[in-house]
Asker: 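Can you keep this structure in mind? I'll have questions shortly.
Throughout, protein chains are lettered first and strands after them, A, B, ... in sequence-line order, and every chain is numbered starting at 1. Reckoned from all heavy atoms, side chains included, excluding hydrogens, waters and symmetry mates.
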Amino acid sequence: MDRELAKSYDPREVEDRIYSFWETNGYFHANVNPDKKPYTIVMPPPNITGQLHMGHALDNTLQDILIRWRRMQGYEALWVPGTDHASIATEAKIVEAMKKEGLTKDDLGRDRFLERAWKWKEQFGGRIVSQLRKMGSSCDWDRERFTMDEGCSKAVREVFVKLYEEGKIYRGERIINWCPHCLTSISDAEVEFEEKDAFFYHLRYPLADGSGYLELATTRPETMLGDTAVAVHPEDERYKDLVGKKVILPLVNKEIPIIADEYVEMDFGTGVVKITPAHDPNDFEVGLRHQLEVITITTDDGYMNDLAGKYEGLSILEARKAIMADLEEQGYVVKVEPMKHNVGNCYRCHTTIEPRVSLQWFVKMEELAKPAIEAVKTGKTKFVPERFDKIYYHWLENIRDWCISRQLWWGHRIPAWYCEDCGETIVSREDPTVCPKCGCTHLTQDNDTLDTWFSSALWPFSTLGWPENTEDLKYFYPTETMVTGYDIIFFWVVRMMFSGLAYTGDVPFHTVFIHGLVRDSKGRKMSKSLGNGIDPLEIIEEYGADALRFMLATGNSPGNDMRFLQEKVESSRNFANKIWNAARFILMNLDGDIELSLPETLTLEDKWIVSKVNTLAKSVTENLEKFELGMAVQKLYDFIWDDFCDWYIELCKTRLQNDDAPNARRVLVFVMTNMLELLHPFMPFITEEIWQTIPHEGETLMRSDWPLFDEQLDFPNEEKEMERLMEAIRAIRNRRAEMNVPPSKKTDLFIETAFEETFKKGKPFIERLAFATNILFDESENQGNMVSIVTPDATIKIPLEELVDTKAELARLTKERENVQKQLEGVLARLNNESFVSKAPQNVVDGAKEQASRLQEKIDLLNQSIAAMS
RNA sequence: GGACGUUUAGCUCAGCUGGUAGAGCAUUCGCUUGACGUGCGAAGGGUCAGCGGUUCGAGUCCGUUAACGUCCACCA
C-alpha cells in the first residue's frame, strides 16, 4: 500500500477516483433486506432543463449527510434519484431553440415536436445528474427515475383514471389563470403577485330609466365590454332602491341589471362594482350566484376578439386607451386617479396573467385536503422546524380546486377521449378505440397535458413501483425524510401529502426537513437576472466538494436562509487540509504492522482523547437525530482541530520518540478512525481517501459502522486532570506572550500544587508545550525574582529575573486578585441567596459551590505570591 | 389586511430542554515549534434591538414596540 500523502490536500486528484470506486462497487445500492430497517429518502427531482445551482447543492448535501449517516448506522439506506420533465420550462426552452431555426410548434406538429423534445432530454437531461455526482451524492443510481418514464407515467394514468371514476376529477368551464405568453393555463400556486402603479378609473353608467347615473370604479376599463351586471351591497342604503333596475352599458349600449351581492365592499370606491364574469375571478363567482352571462372579449394571446366590436385586434393595453378615449369623449368618465395595484404574473415568464374562463380539467380538493391536514395534526408527518406546518395548514385549509390541464405538449397527455359522434367522454387505463356509448371509432384524445406537479405529487411512491405493489414499495415506503426548501411547500409537499394518503393510504414521508435559501454575500437571492449566482461546480473545482459541503452544513440551521461567503469555503478547505496533515503526521510515524485496537494500558492523555471522541460520537449522533446538522459539524470541527490536532498530536510527539511509541500509534489510529467515521457523512471524499491510506479493516469507510458511545471508554476523571494541565500550560504561554518571551528561550519552572501527581504525569507536556527545561516541585529552590502564574490548581513560577519588573508584577497580581475577587463575590451572592439554594437544581448549586472554592483557592494562591514579592 | 422569520464581537453566523455568551473571518502581537504558514501560540473586541413581565436566575420563556426580510390574501 502506498502510504505517502501529498503535502497539501488536492481534491481534484481524489474526488472522481473515489466516487467511481464507490459507484462501481455498488456501495450506493440498496436492496430489500428484511434483516435491516429501511431508511429512505426520495430526492426532489431537479428539472431536466436545470444546471446545478447552490440550491441543489445545499439540498443534496443535506440529503447525502443523512443517507450516509443512516447507512453507517446499519439501516438499509436508499436514496432514490431522478429528474423532472418540467413541462412548461422545458417546452419553453425547446420552443426558443426552434425559434432560432425559424420553426414554431405548429410547423412541426405534435409528434415531431415531441420527438425533438425527447432528443433534447437525452442530450441535456443527464447533465444535472452527472453534476450531482460531483457533489458526492450517494444515490442509488440503479433506481434513477424520470417523471415521464414508463412507470411514472403509469402511476399518473392510474391516478387520473381513479380520481375521475371517483368523481374527484372533472372537466368544466371555470375561470383560470391564463398566461398570454406561454399560452396555457396555470394553477393558483403559479401566479406571483407584484405591486404596480396603476390607475383607478371612475366611470358612470347611465340608469336605463334615464333617472341618472351610477358611478363605479375599475382598474381595468377595457373589460367593460364583457360586463353583464353592476353590483352593490344588499345593505347599502344608497343603492337599495336601484337593485333590480338596469343600467345602460356605455359604448355597447346594452341594458345590464343592477344586482345585490355581499361580495361588494360598501366602503371601497363608490360601493358599486362592474361585473365581468369572464375576466375576473370574483366577478365569475358573482356571475354564478346570479346566473349572469359570461362574455369573453379577449383572445388567448392577449388581444381583443370579435365580441369587442370596433376594438377587435387591439392589444389589451391599446384597447384600454381607446376605450378610455371614447368614454371620455362621450362623457362617461368621472375621474382617473393613480393607485397601487397588485398584478398577478406568470411565475415562469412574468407576463401579466389574464383571468379567463375556459374549459379545463380540475381536481376537487376539499375531500383530499382533509386527511392531509389530519396527518400533520396527529404527528404522522412532522415538519422540521415545526413552524412550517402553519404554511402547510394555511394552504390546505384555503385550497381551491386544482386546475391540472395545461395547453402544452411536453408532459403527460390527459387520458381522456371524446367521441366525435355522440360527444361521450372516455377516461380509461387503456387507450380506447371504440366509443362505449355509440360504438363508433371516431375518438380523439384530449390535446392537453397535465400540470408537472401532478406527476411530482406521486414521486415518493411512483419511484418505488406504485401502482404495482412491489417489494420495494412494501419495504421502502413510506419514506422517512423529505428534504426540501420552504419555497415549494405548497407547490409540492402539500400535493405529495394528499396524494400519498389518497392513493397509497399512508403518508409519503414521516419528516419534512425544511431548509432555507442560499443567498449571495449581500443577502440577495441568487438569480439569473441579477447574475449573482455562484456556480457550485466552480467552487468544487477550486476548493473541492468536501469544502463546499462542509461550508453548506456549517451554521446551517433548519429553515433559515444562509449567505454564501467565499471565506467560509476557504475555511472549510483549510479544515480539510488540516485533517489531511494530521493523517500525514500519523502515517509518517507508523512503523510496520499495527493492531487496530486500543492498547491495554492508556496514559492520561490517551484516556482524555479517547473519552472525548467517545462523547463526541454520542453528541454528534444526538444532533443528527434532531436534524441539527450545523451543530454536529461545529462539534466535529472543534474536536478535530483543537482537541486532536492542537493538543493530542502535540502531546504525542515526545512519546513517539520513546518506548511508548507503539501504544501512541494505536491510539492515534483509533481516534483518527473514529473521526473519519463521524466526519464521513459531511466530507465523504477526503475521509475515504485517508481511511484507505491508514491501517483499516474493511473495504470502504462509507460502509463502516457508525461509532457508538462506549461506557468502557468514558473517563471523566482523566478529562478533568488533563484540563488542569492544559489550563496551566495555557496560562504559562499566555504570560510568556505578554512578556514577549520568544519560544526559543526556555526556562525552568517551579510548580506548587495540590495535584502534584497530575503535574508529574504531565511533565513532558509542560516541558514541550510551555517551553520548560526543568520542572521542579521542590519549593526550597524557589528563590529570587520570579514571574508568578496562578491557576486554581497551581502556582507556577518562572525565573525570568532580567525581565521581571517587580513593581509591575505586583500590580498585575493585585489586579488579577481583584478580578477573581469580583467573580467570587458574584458566585457567593448567589449561594447566599436562600431561594437560589432551595429552588435551583442540586447540580447547579453544587457547580456554584465548586466554582466558589476554586476561585477561593486561586485567591489564596495569589495572596501567597503577593506576600512573597512584597 | 393576516402569518412567519431575523435583530448576539468590525463582518458572516452558532447558541438544543432557562444556569451567567461562542466559532469562522478580520484586527493586533509573537513564532523557520520536525503534520500542516491552507500553519502554531497569544491578545483585544459584546448593557445578546428597545421596554415590560414570569423566575432564585432570561440571549433563551411570555407580552409589547421598532427596523429589516419572507410568505399568504387581493377591495373591483
Asker: Does any donor atom in the side chain of Glu190(A) or Ser187(A) lie under 3.5 Å from an acceptor atom in the other side chain?
Answerer: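 Note: Glu190(A) and Ser187(A) side chains meet the donor-acceptor criterion.
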Asker: With a 3.5 angstrom cut-off on both distances, give the Watson-Crick or G-U wobble partner of rG1(B), or none if there isn't one.
Answerer: rC72(B)
Asker: Could you let me know what rC61(B) is paired to, Watson-Crick or G-U wobble, both distances under 3.5 Å, or none if it's on its own?
Answerer: rG53(B)
Asker: Per the atom types in the model, does the base of rC74(B) pair as donor or acceptor with the side chain of Asn342(A) at under 3.5 Å?
Answerer: yes
Asker: Base, sugar-phosphate alone, or nothing: which one does Gln634(A) contact when heavy atoms must sit under 4.0 Å apart?
Answerer: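 It contacts sugar-phosphate atoms only.
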Asker: Can you check each nucleotide of nucleotides 32-39 of chain B against protein heavy atoms at under 4.0 Å and return B for base, S for sugar-phosphate only, - for none, in 5' to 3' order?
Answerer: ---BB-BS
Asker: With nearest nucleotide decided by heavy atoms, which residue, Asn734(A) or Asp267(A), maps closer to the 5′ end of RNA chain B?
Answerer: Asn734(A)
Asker: Give me the distance, rounded to whole Å, that separates rU6(B) from rG63(B) when you measure between the P atoms they each carry.
Answerer: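 Between the two P atoms, the distance is 14 Å.
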Asker: So, Glu650(A) and Arg733(A), do they make that salt bridge, N to O below 4.0 Å?
Answerer: no
Asker: Check this for me, if you would: do Asp236(A) and Arg238(A) make a salt bridge, where the nitrogen-to-carboxylate-oxygen distance has to be below 4.0 angstrom?
Answerer: yes
Asker: Please name the nucleotide paired to rU7(B) by Watson-Crick or G-U wobble geometry with both distances under 3.5 Å, or report none.
Answerer: rA66(B)
Asker: For Arg736(A), answer base if it contacts any base atom (sugar-phosphate contacts may also be present), sugar-phosphate if it contacts only those atoms, and nothing otherwise; contact means non-hydrogen atoms under 4.0 Å.
Answerer: nothing
Asker: Counting any heavy atom closer than 4.0 Å, what does Pro281(A) reach on the DNA or RNA strands: base, sugar-phosphate only, or nothing?
Answerer: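 No contact.
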Asker: For Arg387(A) and rC4(B), is the shortest distance between a side-chain N/O and OP1 or OP2 below 4.0 Å?
Answerer: no
